[in-house]
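Indexing begins at 1, ligand by ligand and atom by atom, following the structure's order.
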Amino acid sequence: MIRSGTRERSLAELYADDAERADALVFRRRGALKGVSLATMGAAIGAAIPFSSRMPAGLVPAALAQGGQAGPRMLEFPGKDPLILQGDRPLVGETPETLLDDAVTPNNRIFIRNNGQIPEPAANPDAWKIRIEGEVNTPIELTVGELRSRFPVVTLQLQMECGGNGRSFFVPETRGNQWGNGAICNAAWTGVRLKDVLTAAGLKPSASHTGHYGADPHLSGATDRAAISRGMVIAKAMEEHTLIAFEVNGGPIPHINGAPVRLIVPGWPGSLSQKWLTRIVILDKPHTGQGMGGTSYRVPVTPIVPGSRNDGTDFVDMTSMPVRSVLTNVANGTRLPTGTRQLPVRGAAWAGEKTISAVHVSVDFGATWKRMTVTAPANKYAWQRWEGTVELPSDGYFEVWYRATDSDGRMQPHAAANWNPQGYGGNPVSRAAILVG
Ligand SMILES: Nc1nc2c(c(=O)[nH]1)N[C@H]1C(S)=C(S)[C@@H](COP(=O)(O)O)O[C@H]1N2
Ligand SMILES: [Mo]
C-alpha cells in the first residue's frame with residue numbers, strides 16, 4: 001500500500017505526489033497500518049527504525065499519524081507569524097509548537113480563536129466602557145481610562161489556553177477546531193484585578209456566578225444572540241490572578257486578541273477570557289449564555305462510551321485545564337544531519353491551576369524516559385520552561401515523546417482520555433517524528 005511499482009517510496013514522496021491519497025492511506029486512520037511490517041513501515045518513513053524492537057504493537061508512527069509533508073494550511077494575518085489555519089469563518093489560527101519557543105509569548109505568536117465576527121476597532125480605546133451589573137450594590141460603568149486610574153495595575157505572565165486544546169488527539173474525532181497543542185499562550189498581561197472592580201461595585205451576598213459579554217457580533221449577524229457569553233463561579237472571579245487586561249507584553253492588545261480590554265481567566269478554559277469586553281453580569285445562579293450548558297465546555301463526570309451521543313446530562317463545567325507540554329525547538333518531521341547523536345530539546349509545560357513537577361522525554365517509544373530540567377513559574381499560572389539533551393544511538397527514524405507531570409503527580413496519558421462530544425481536555429503524550437541522516 002505504500003509502495004509504487006518496485007521502488008519503495010518515502011512518506012515525503014508519497015505526500016508530494018498525492019497528498020490526498022497519502023492522507024487517505026495513513027492520516028489519522030487508526031489501524032491503517034495494521035498488518036504492515038516494520039520493514040514496510042520503515043520504507044514509508046524513509047529510514048530504518050533503530051528502536052523498532054521497543055515499538056508498542058499497533059503503534060502508528062508519528063510521521064504517518066500526524067500529517068506529513070503536505071502540512072496544514074497556514075493563516076497569514078497582519079501582525080502574526082504564520083499560524084495553522086483552523087477555520088476562516090469564524091477566524092481561528094493555532095500557534096505551531098515551534099513558535100511557542102519564547103518564555104513569554106510575543107503578540108505575533110498569540111493564537112486566534114473567534115466564535116463570531118470580528119468587531120470594529122475602537123476609535124478611542126481609553127473611552128471604551130465596561131459595565132458591571134446584576135447582584136451588586138452599585139452597578140458601575142467604567143472606561144478603560146478609569147480602570148487604569150482607579151485600581152492597582154498589575155502585570156502577570158498568564159496562560160490562556162483554549163478549552164479544546166488537543167482536540168485532534170481524540171479518537172473518534174470530535175466536533176470543533178482540530179487543535180494540536182498550540183491553542184495556548186503565556187503572555188505578560190497588564191490590567192486590573194477583576195476582584196477589585198467587583199469589590200468596588202459591592203457584591204451582594206447572593207452573588208454566586210458571573211456572565212460575560214463582548215462586542216463581537218454573532219457569526220450569523222443576529223443581534224439578539226452573543227457570539228459567545230460564558231461565566232464562572234464567583235470564587236474564580238475573585239481570585240487575584242483573574243484580570244481585566246488592557247495591555248499585553250507592554251503595549252496595547254492586538255485587536256484580534258480582544259482590544260481594548262478583555263478578561264484573562266488563567267488556567268481555566270480560554271472561552272472565559274472574554275475579548276472586546278463590554279459587560280459582566282453578576283448572577284445568583286450559573287450563567288446560561290452562549291457556550292454554557294449541554295456539552296459546551298463540559299466533561300463527563302463518569303466516562304462515556306467514546307463516540308456515543310450525549311446531551312451533557314451528568315457533565316460538569318471544565319475548570320482547571322489539564323497538564324500538557326509542548327516541544328518548541330524541534331518540529332515534528334525534522335530531518336537532522338547524518339551522525340547527529342545529541343539532540344537538545346526544550347519547550348514549555350503547564351497544568352491549569354497546578355504547577356509542573358517534572359517533564360520526561362523518550363526517544364525509544366516510551367521504553368526509557370529522561371528527566372528534563374524545569375524552571376519555576378514566573379508567577380502562579382505562568383507556564384514553565386523545560387530543557388535537556390537526548391542521545392540518539394544511530395541514524396534513522398526516531399520519535400521524541402514528551403510528557404509532563406503536574407504537582408498532583410498526574411501525567412499526560414498515553415491517549416486522550418475521558419472522551420466527550422466536543423473534545424475537551426485531550427492531553428496525551430505528544431510525539432515529534434525526527435529523521436537522522
Ligand atoms: N468576545 C469574545 N471573547 C472570546 C472569544 C470570542 O469568540 N469572542 N473566544 C474565546 C475563546 S473560545 C478563547 S480560547 C479565547 C481565545 O483568545 P485569543 O483569540 O486572544 O487567543 O478567547 C475567548 N474569548
Ligand atoms: Mo476556546
Can you give the donor-acceptor pairs under 3.5 Å from side chains of residues 245-258 to other protein atoms, not counting sequence neighbours?
| from | atom 1 | to | atom 2 | distance (Å) |
| --- | --- | --- | --- | --- |
| E247 | OE2 | R148 | NH1 | 3.0 |
| N249 | OD1 | A188 | N | 3.1 |
| N249 | ND2 | T105 | O | 2.8 |
| N249 | ND2 | N107 | OD1 | 2.8 |
| H255 | NE2 | P119 | O | 2.8 |
| N257 | OD1 | K80 | NZ | 2.6 |
| N257 | ND2 | F111 | O | 3.0 |

Which atom pairs, donor and acceptor, lie under 3.5 Å between side-chain atoms of residues 285-294 and protein residues at least two apart or in another chain?
| from | atom 1 | to | atom 2 | distance (Å) |
| --- | --- | --- | --- | --- |
| H287 | NE2 | S229 | O | 3.1 |
| H287 | NE2 | S229 | OG | 2.8 |
| H287 | NE2 | G289 | N | 3.4 |

For residues 189-200, run the donor-acceptor check on the side chains, cut-off 3.5 Å, and write out each pair with its distance to 0.1 Å, sequence neighbours left out.
| from | atom 1 | to | atom 2 | distance (Å) |
| --- | --- | --- | --- | --- |
| T190 | OG1 | T155 | OG1 | 2.7 |
| R193 | NE | E240 | O | 3.4 |
| T199 | OG1 | K195 | O | 2.6 |

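Aromatic ring pairs are classed by plane angle as parallel below 30°, tilted from 30° to 60° and perpendicular above 60°; the pair W369 and W401 is tilted.
For the pair R262 and W276, the NZ or CZ position fails the cation-pi test of under 6.0 Å to the six-membered ring centre and within 45 degrees of the ring normal.
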Open item on the list: Would Q412 and S325 count as a side-chain hydrogen bond (donor to acceptor under 3.5 Å, both in side chains) here? Give the steps.
Closed with: CA-CA 8 Å; Q412 292 183 252; S325 53; 2.6 Å; yes
List, pair by pair, the atoms of ligand 1 and of the protein that are both N or O and lie under 3.5 Å apart, giving the separation rounded to 0.1 Å.
| from | atom 1 | to | atom 2 | distance (Å) |
| --- | --- | --- | --- | --- |
| ligand 1 | 1 (N) | D216 | OD1 | 2.8 |
| ligand 1 | 1 (N) | D216 | OD2 | 3.3 |
| ligand 1 | 1 (N) | Q274 | NE2 | 3.1 |
| ligand 1 | 1 (N) | K275 | O | 3.0 |
| ligand 1 | 3 (N) | K275 | N | 2.8 |
| ligand 1 | 7 (O) | N115 | N | 2.7 |
| ligand 1 | 7 (O) | N115 | ND2 | 2.9 |
| ligand 1 | 8 (N) | D216 | OD2 | 2.6 |
| ligand 1 | 9 (N) | R113 | O | 3.2 |
| ligand 1 | 9 (N) | N115 | ND2 | 3.1 |
| ligand 1 | 17 (O) | R262 | NH2 | 3.2 |
| ligand 1 | 19 (O) | R113 | N | 2.9 |
| ligand 1 | 19 (O) | K275 | NZ | 2.5 |
| ligand 1 | 20 (O) | N257 | ND2 | 2.8 |
| ligand 1 | 20 (O) | R262 | NH1 | 2.7 |
| ligand 1 | 21 (O) | F111 | O | 2.7 |
| ligand 1 | 22 (O) | R262 | NH2 | 3.3 |
| ligand 1 | 24 (N) | S273 | O | 3.1 |

